[in-house]
Protein chains: 2
Amino acid sequence: MKRSRPLKRKLKRSEPKRPEPDAVDPRSIDDDPVVQGILTAISQKRLKPGAKLGEDKLAAAFGTTRIHIRQALAHLAARKVVMQIPNRGAFVYRPSWEEALDIFAARRLIETATVAAAIDRLDKAGRAELKAHMELEARHDRNDRWASLSLTADFHILVAKLAGNQVLLDMSRELMLRTSLAIATFEQPGEPDCSPDAHPDIGALILARDKAGAVHAMRHHIEEMEQRIRPTEGEDEVDELTAIFQEIGARARAGG
Amino acid sequence: MKRSRPLKRKLKRSEPKRPEPDAVDPRSIDDDPVVQGILTAISQKRLKPGAKLGEDKLAAAFGTTRIHIRQALAHLAARKVVMQIPNRGAFVYRPSWEEALDIFAARRLIETATVAAAIDRLDKAGRAELKAHMELEARHDRNDRWASLSLTADFHILVAKLAGNQVLLDMSRELMLRTSLAIATFEQPGEPDCSPDAHPDIGALILARDKAGAVHAMRHHIEEMEQRIRPTEGEDEVDELTAIFQEIGARARAGG
DNA sequence: GCGCCAAAAATTGGCGCCAATTTATTGTCT
DNA sequence: AGACAATAAATTGGCGCCAATTTTTGGCGC
C-alpha cells in the first residue's frame, strides 16, 4: 500500500495516518441528554426498577429519534443501569437480592479504603469543600425529597473525589447508582435513605484525620443502609408467582 | 403445546401489566461474539491502544452487519474499552498517564481488600481451585505469549472470585482490562507482564491464611507492575511509528 | 365464569440508502 | 522542493421502511 518513509526527524505530509484520538473532542456519550436524563430520573427514584423503557416513548419524551435512544440504552445496559432483553425491550435494572448484597459489600470494601485514602491526602482545598458540603447538608430542605437524595449521594461522591482518583470516583458513582436501584427494589416503604447524622459524623472524623474512626463510621453507615432492605417478604409471594407463571408462559410459547 | 398449570391464586387475566424482566432470558450483550472478540483481542494485546476500529472492517471480519457493530462499540465505549469520537469513529481506548496511575492505584486499593476477603471466606473448594490454578501456571508454556497473558490475568480473576462477590468480580475484570490497556500504552518494550514468582507467592500466602502477608504481597505485586510503565519520554517518534505499523497490520488482518 | 386458543396491535430488530464529515490524494503556487 | 488549497474517496451518522417477535385484545369451549 503506502510507503513507510524512513524516519528523519519529523513527520511529514504523509503522516496523518494516525488519528490521535487523545488530542480531540473528549466529548463522550456520557453527557448525552438522554443518558443523563434517565440517570438522574433513576437516582431520584422517579424511575423504579423494572419500569419499561420503550424506545418510542423515550424518543418522544426527549424529542429525538429512536436510533439515538437505542445508543443511549446500549450504553446504560453496559453500565448495568438498564436491562435489555431481546425482542422485549429495555427495563430499569432490578438487581437480585444476592446482587444487592454484593453491591453493599463492595461499597463497604471500597468506600472504607477510599475514606482512608481521602484522609491521607486531605489538603486545605479538600477541607474547605468538605466543610461546605456539610454545611449545605445541615440546612437543606428535608421536605424536598429529590434534593435530599441528591445531597446524600453527593456526600459519598465527595469523599471519593477527595481520594484523588478519577477511576475510583467513577466506580463509586457507578456503585452509588446501583445502590439506589438496590434500595428502590428491596426497601421497606416509608423509611429515609440515610440516618440523618451519619454524614456529619463521618465528615467530622475526616476533618479530624481520625482514620480508624472514619473507616469504622463509614462501614457502620453502609451497614445501616444495608439493614434497611429485606428480601421481599410477604407480598412478594404474589410477585414471585406472577414471575413464575409468566416465565412458564414465555417458555411454552417460545419453545413450543 | 403444553400449556401452563391452572393457577388458582390471584392474577386475573387483565393483570399482566408488569412484564417482570427478572424472570426471563438473562442473556445480555456481554456474550456477544463481537464484544468478546474485541475484548480478548485487547487482553491478548493483539489490538493496541489507539488502533482504529472501523465499522465496515469489523463487520466484514465478524461476518455481520454494521448495526450490530455499532451496538457492540457503544457497549465497549461505555466500559471505557474503546473511545468513540463523533464523526471520526471508534478506537481502542488509550488511557492518559494520569488515568493509568489511577488504574493501578484503584487496583492496589481494591485487590488488597479483595485478597483479605478471599482469605476470610476461603473454603475447601476455593483451596482446590487455587491450587489447581497455581499448578497450571507453574507448568504453562512460557513461549506461548497469549496463553501466558490469559493465565496471569486469570490468577487475579480467581482471587476476586474467591472473595465471593460477583459485583466486585466484575469490577476487577474491568480494572484488569484497563490495566492491560495502560501497560500496552506505556510499557517499555520487551519486558514481561508480571514477575514470574509473584503469583505463586501470593497463592501460597492465601493458602496459609496469612492475611497480612498476602495483602502485602499483592500490593507489592501491583506496585511492581506499575513500576514497569513510563510516561512516554522522548521516544514519541518510535511510538508513533509502531502505532502506524500496528494499525496497518490490523487493517490488513481485518480487511484483507 | 374461567381458562385456553386465535387474530390484531404495538414494539423491537435489522437492513439499505443517502447526507454530512472526515481523511487521503492530487494539483498549484511560492 | 515544500506547503497550502481544492478535489476525490472513504467513513460515519441518521432516517425510513419492513420483517419478526411480543403483548394485547377478542372469541370459543368447558
Side-chain angles (χ1 to χ4, degrees), chain A residues 1-3 5 8-21 23-25 27 29 32 34 52-60 62-74 77 82-91 242 245-256, chain B residues 1-21 23-25 27 29 32 34 51-74 77 82-91 244 247-248 251 254-255:
Chain A
M1 24 183 70
K2 289 279 95 27
R3 80 309 209 69
R5 221 32 214 113
K8 275 198 237 194
R9 180 80 176 161
K10 275 225 146 210
L11 307 164
K12 298 311 174 100
R13 45 175 299 190
S14 62
E15 188 40 39
K17 204 79 179 86
R18 168 120 92 71
E20 282 299 334
V24 279
D25 209 336
R27 183 175 252 172
I29 217 159
D32 181 287
V34 179
K52 174 94 191 271
L53 297 172
E55 297 183 357
D56 282 325
K57 308 278 177 57
L58 288 175
F62 284 101
T64 179
T65 60
R66 209 151 65 89
I67 284 238
H68 199 179
I69 298 293
R70 274 165 81 168
Q71 284 181 323
L73 289 178
V82 314
M83 184 176 188
Q84 277 181 314
I85 303 172
N87 292 323
R88 299 269 311 267
F91 306 85
T242 65
F245 292 143
Q246 299 221 341
E247 197 229 340
I248 291 173
R251 217 163 267 238
R253 233 171 294 139
Chain B
M1 12 187 114
K2 23 270 119 173
R3 219 359 198 188
S4 64
R5 305 326 171 66
L7 65 127
K8 25 248 227 54
R9 264 248 188 258
K10 329 204 138 185
L11 241 246
K12 313 296 191 199
R13 44 177 303 180
S14 59
E15 187 48 39
K17 205 76 179 105
R18 173 121 90 70
E20 282 301 330
V24 280
D25 207 338
R27 182 173 253 174
I29 230 169
D32 181 286
V34 179
K52 175 93 189 271
L53 297 172
E55 297 183 357
D56 282 326
K57 307 281 174 53
L58 288 175
F62 284 100
T64 178
T65 60
R66 211 150 64 88
I67 281 241
H68 199 177
I69 298 293
R70 274 165 83 165
Q71 284 181 324
L73 289 178
V82 314
M83 183 176 188
Q84 276 180 316
I85 303 172
N87 292 321
R88 299 269 311 268
F91 306 84
I244 293 165
E247 205 237 333
I248 291 174
R251 213 169 267 238

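Each chain gets a letter, A, B and so on, in the order its sequence line appears, and its residues count up from 1. Only this structure's heavy atoms are used, side chains among them; waters, hydrogens and symmetry mates stay out.
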Report all interatomic pairs (protein N or O, nucleotide N or O of nucleotides 14-18 of chain C) with separations under 3.5 Å.
unit_1 : atom_1 : unit_2 : atom_2 : d
C:dC15 : OP2    : B:T65  : OG1    : 2.6

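- Summarising the geometry, the separation between CD1 on A:I85 and P on C:dG13 is reported as 10 Å, rounded to the nearest angstrom.
- Proximity note for A:N87 (side chain, C-beta onward) versus D:dT22, D:dG13, C:dT11: the nearest is D:dT22.
- The CG atom of B:L73 sits 13 Å away from the C1' atom of D:dT11 (whole-angstrom rounding).
- Between A:R88 and D:dT21 there is no side-chain N or O to OP1 or OP2 distance below 4.0 Å.
- Summarising the geometry, the separation between NZ on A:K52 and P on D:dT23 is reported as 8 Å, rounded to the nearest angstrom.
- The heavy-atom pair separating B:L73 from B:V82 by the smallest distance is O-CG2, 3.6 Å.
- In plain terms, the two heavy atoms of A:A90 and A:Q84 that are nearest each other are CB-CG, 3.9 Å.
- Atom CD1 of A:I69 and atom C1' of C:dG13 are 16 Å apart (whole Å).
- B:T64 is linked by a side-chain contact (heavy atoms from CB on, under 4.5 Å) to B:V34, B:F62, B:H68, B:I69, counting only residues two or more places apart in sequence or in another chain.
- Rounded to 10°, the helix from C:dG1-D:dC30 to C:dT30-D:dA1 has 10° between the axis fitted to its first five pairs and the one fitted to its last five.
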Between protein and nucleotides 6-10 of chain D, what N or O pairs are separated by less than 3.5 Å?
none

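- A:D56 has its CG atom 6 Å from the P atom of C:dT12, to the nearest Å.
- Atom CG of residue A:D56 and atom OG1 of residue A:T65 lie 11.0 Å apart, to the nearest 0.5 angstrom.
- Of all heavy-atom pairs between A:R66 and A:E55, the closest is NH1-OE1, 2.8 Å.
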